[in-house]
K.L.:
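What follows is a single structure, and I will ask about it in a moment.
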Amino acid sequence: MKYGALRYCSRVLALSGVLWGILLAGCGSGNSMLPDDNPGMNPDQGEPVRLTFDMYGATVVTRAGDADASGAEDMAIGKMFRIYAFAAGSTNLGSPLDSRNYTVQPDAATPSKPGKATGDLTLYRGTYDLYLVSYNSSTEVPELDNNGAFTVSNGKDFMYTKLEGIVVQPDKTGDNSMLVSLPKPFTRMGAQMVTTVKARNGMQPVQPTALIVNYIKVTGLHSSLTYKLNKTSWEVPSGTADAFYTFQNFSNNIGSYDVFSPRTSSPGVLLPVDGTQKLKFDVNLTVSYREGSQTKTTTDSYTASVEKSLLSGMTYQFDFSLTFYGSIVPTDLTLAIREWTTSSLNGEDMGKD
């Protein structure tokens, strides 16, 4: 009987050796059956924690580097941002552990104000760096490339913020959710521009009776710029600034509306330029005027140019006022520029082109 028991034990040990060899072979083949050693995705750290963000402090700084609350605005309800999660201190910013979209929801107590932002990012317990980026849009978010960068074009209201060394753990024992406050505002990286057009107040050599803005095209812009995660400014642009942006939506843009009152465009977001080359404007108008007993209508372009920097986080208003001569000759266009943050406004008259 002792001999039979010994033979049985040997067979068990042999079988155990075969199983252990299969496990080792699985590890060597790259299909590990052992827990992942990635600090952000290790199932040994318990159930993953779902993150929700408190938007109470999620303002948008309207001038880069200015943390004064008077120069900030709330991220509106329905706007989206994307979160890219990395292990704390990671320098390989082209390969996030995960990334998810979040949408700003109404505040439960005051539905007209932003409350929490919800999405489906889940992370295991650990310490992370979270990068949040947005186009201030309800339909589109910035997409990270393999180099940890974003390529942004005119018209995109790109902004970012970062949470460093955030410790992910449930708010309550036995729960699997965590509410995260955003201690830093989003920093806006584009420059907003508004354009207006009107007939200059006072005596007009030829009195216009109607004025419609067809478009205002500004050239001398960069077609795109690159922003890399964990940076505070754009990458140095390459190539010439020869792209354009067109404003086409104007308020009060009815021919019969008072020609001395401005037609004002919707704000456009442009990439910053350093002012080393001119911004050129093509102001295309349809103007009606009286000549004798007849009403005549003409469509033409009026041009202006100016050397002007567009800085990140600033808003500029370009006011065009016209004096009409002869048969509405396209001359004598005056351009005035105003620039401001949310809290201040000052004028800068650039004179005639």
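One is the number of the first residue; the rest follow in order along the sequence. Just so you know, these numbers use all the heavy atoms, side chains as well, and skip hydrogens, waters and symmetry mates.
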K.L.:
Side chains of Asp274 and Thr276: donor-acceptor distance under 3.5 Å anywhere?
P.N.:
yes

K.L.:
Look at atom CG of Asn201 and say whether more than 12 heavy atoms of other residues, nucleotides or ligands are closer to it than 6.0 Å.
P.N.:
yes

K.L.:
Flag yes if more than 12 heavy atoms outside Lys228 fall under 6.0 Å of its NZ atom; otherwise flag no.
P.N.:
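Not more than 12 within 6.0 Å, no.
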
K.L.:
Any chance the side chains of Glu235 and Thr226 put a donor and an acceptor closer than 3.5 Å?
P.N.:
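Result is no, nothing qualifies.
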
K.L.:
Verify salt bridge (charged side-chain N to carboxylate O under 4.0 Å, His left out) between Lys280 and Asp282, making sure each step is shown before the conclusion.
P.N.:
CA-CA 7 Å; Lys280 297 180 180 179; Asp282 175 355; over 6 Å; no

K.L.:
Under 3.5 Å, is there a donor on one side chain and an acceptor on the other for Thr195 and Ser265?
P.N.:
yes

K.L.:
Suppose we screen for salt bridge (Lys or Arg N to Asp or Glu O under 4.0 Å). Which residues come up paired with Asp157, at least two apart in sequence or across chains?
P.N.:
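Checked Asp157 against salt bridge (Lys or Arg N to Asp or Glu O under 4.0 Å); matches are Arg188.
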
K.L.:
Indicate whether any N or O donor in one side chain lies under 3.5 Å from an N or O acceptor in the other, for Arg82 and Ser99.
P.N.:
yes

K.L.:
Please confirm whether the ring centroid of Tyr289 lies under 6.0 Å from the ring centroid of Phe324.
P.N.:
no

K.L.:
Please determine, by modelled atom types, if Thr196 and Asp319 share a side-chain donor-acceptor pair under 3.5 angstrom.
P.N.:
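A donor-acceptor contact under 3.5 Å links the two side chains.
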
K.L.:
With sequence neighbours excluded, tell me which residues meet side chain to side chain donor-acceptor pair (under 3.5 Å) with Thr264.
P.N.:
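If we apply the side chain to side chain donor-acceptor pair (under 3.5 Å) test to Thr264, skipping adjacent residues, there are no hits.
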
K.L.:
Going by the salt bridge (Lys or Arg N to Asp or Glu O under 4.0 Å) test, which pairs reach into residues 139-149, not counting sequence neighbours?
P.N.:
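Only Glu140-Lys156 qualify under salt bridge (Lys or Arg N to Asp or Glu O under 4.0 Å).
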
K.L.:
Please determine, by modelled atom types, if Arg290 and Thr295 share a side-chain donor-acceptor pair under 3.5 angstrom.
P.N.:
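Note: Arg290 and Thr295 side chains meet the donor-acceptor criterion.
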
K.L.:
If only side-chain N and O atoms count, and only distance matters, is there a donor-acceptor pair under 3.5 Å linking Thr299 with Thr286?
P.N.:
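Thr286 vs Thr299: donor-acceptor pair found between side chains.
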
K.L.:
Any chance the side chains of Thr139 and Ser137 put a donor and an acceptor closer than 3.5 Å?
P.N.:
yes

K.L.:
Testing the basics here: between Met189 and Trp234, what is the closest heavy-atom pair and its distance to 0.1 Å?
P.N.:
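Scanning both residues, the minimum pair turns out to be O-NE1, 3.0 Å.
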
K.L.:
When clusters are formed from ILVMFWY side-chain contacts under 4.5 Å, directly or step by step, what else is grouped with Tyr215?
P.N.:
none

K.L.:
side-chain hydrogen bond (donor to acceptor under 3.5 Å, both in side chains), that's the test. Do Ser266 and Asn249 meet it? Break it down for me.
P.N.:
CA-CA 6 Å; Ser266 299; Asn249 298 315; 4.8 Å; no

K.L.:
What about the rings of Tyr160 and Tyr227, do their centers lie closer together than 6.0 Å?
P.N.:
yes

K.L.:
Heavy-atom count check: over 12 atoms from other residues, nucleotides or ligands less than 6.0 Å from Phe244 CZ?
P.N.:
no

K.L.:
Among side-chain atoms of Thr151 and Ser224, is any donor-acceptor pair under 3.5 angstrom?
P.N.:
no

K.L.:
For residues Phe86 and Tyr128, establish whether the separation of their ring centroids is below 6.0 Å.
P.N.:
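For Phe86 and Tyr128, the ring centres are not under 6.0 Å apart.
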
K.L.:
Run the ring pair (Phe, Tyr, Trp, His ring centres under 6.0 Å) test against Phe150 and tell me which residues pass, sequence neighbours left out.
P.N.:
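Tyr84, Phe158.
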
K.L.:
Going by the rule ring pair (Phe, Tyr, Trp, His ring centres under 6.0 Å), which residues pair with Phe318 if we only count those two or more places apart in sequence or in a different chain?
P.N.:
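With sequence neighbours excluded, Phe318 shows a ring pair (Phe, Tyr, Trp, His ring centres under 6.0 Å) to Phe281, given in chain and number order.
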
K.L.:
Go through the steps for Asn214 and Gln248 under the test side chain to side chain contact (heavy atoms under 4.5 Å, CB included), then give the verdict.
P.N.:
CA-CA 6 Å; Asn214 299 314; Gln248 292 181 299; over 6 Å; no

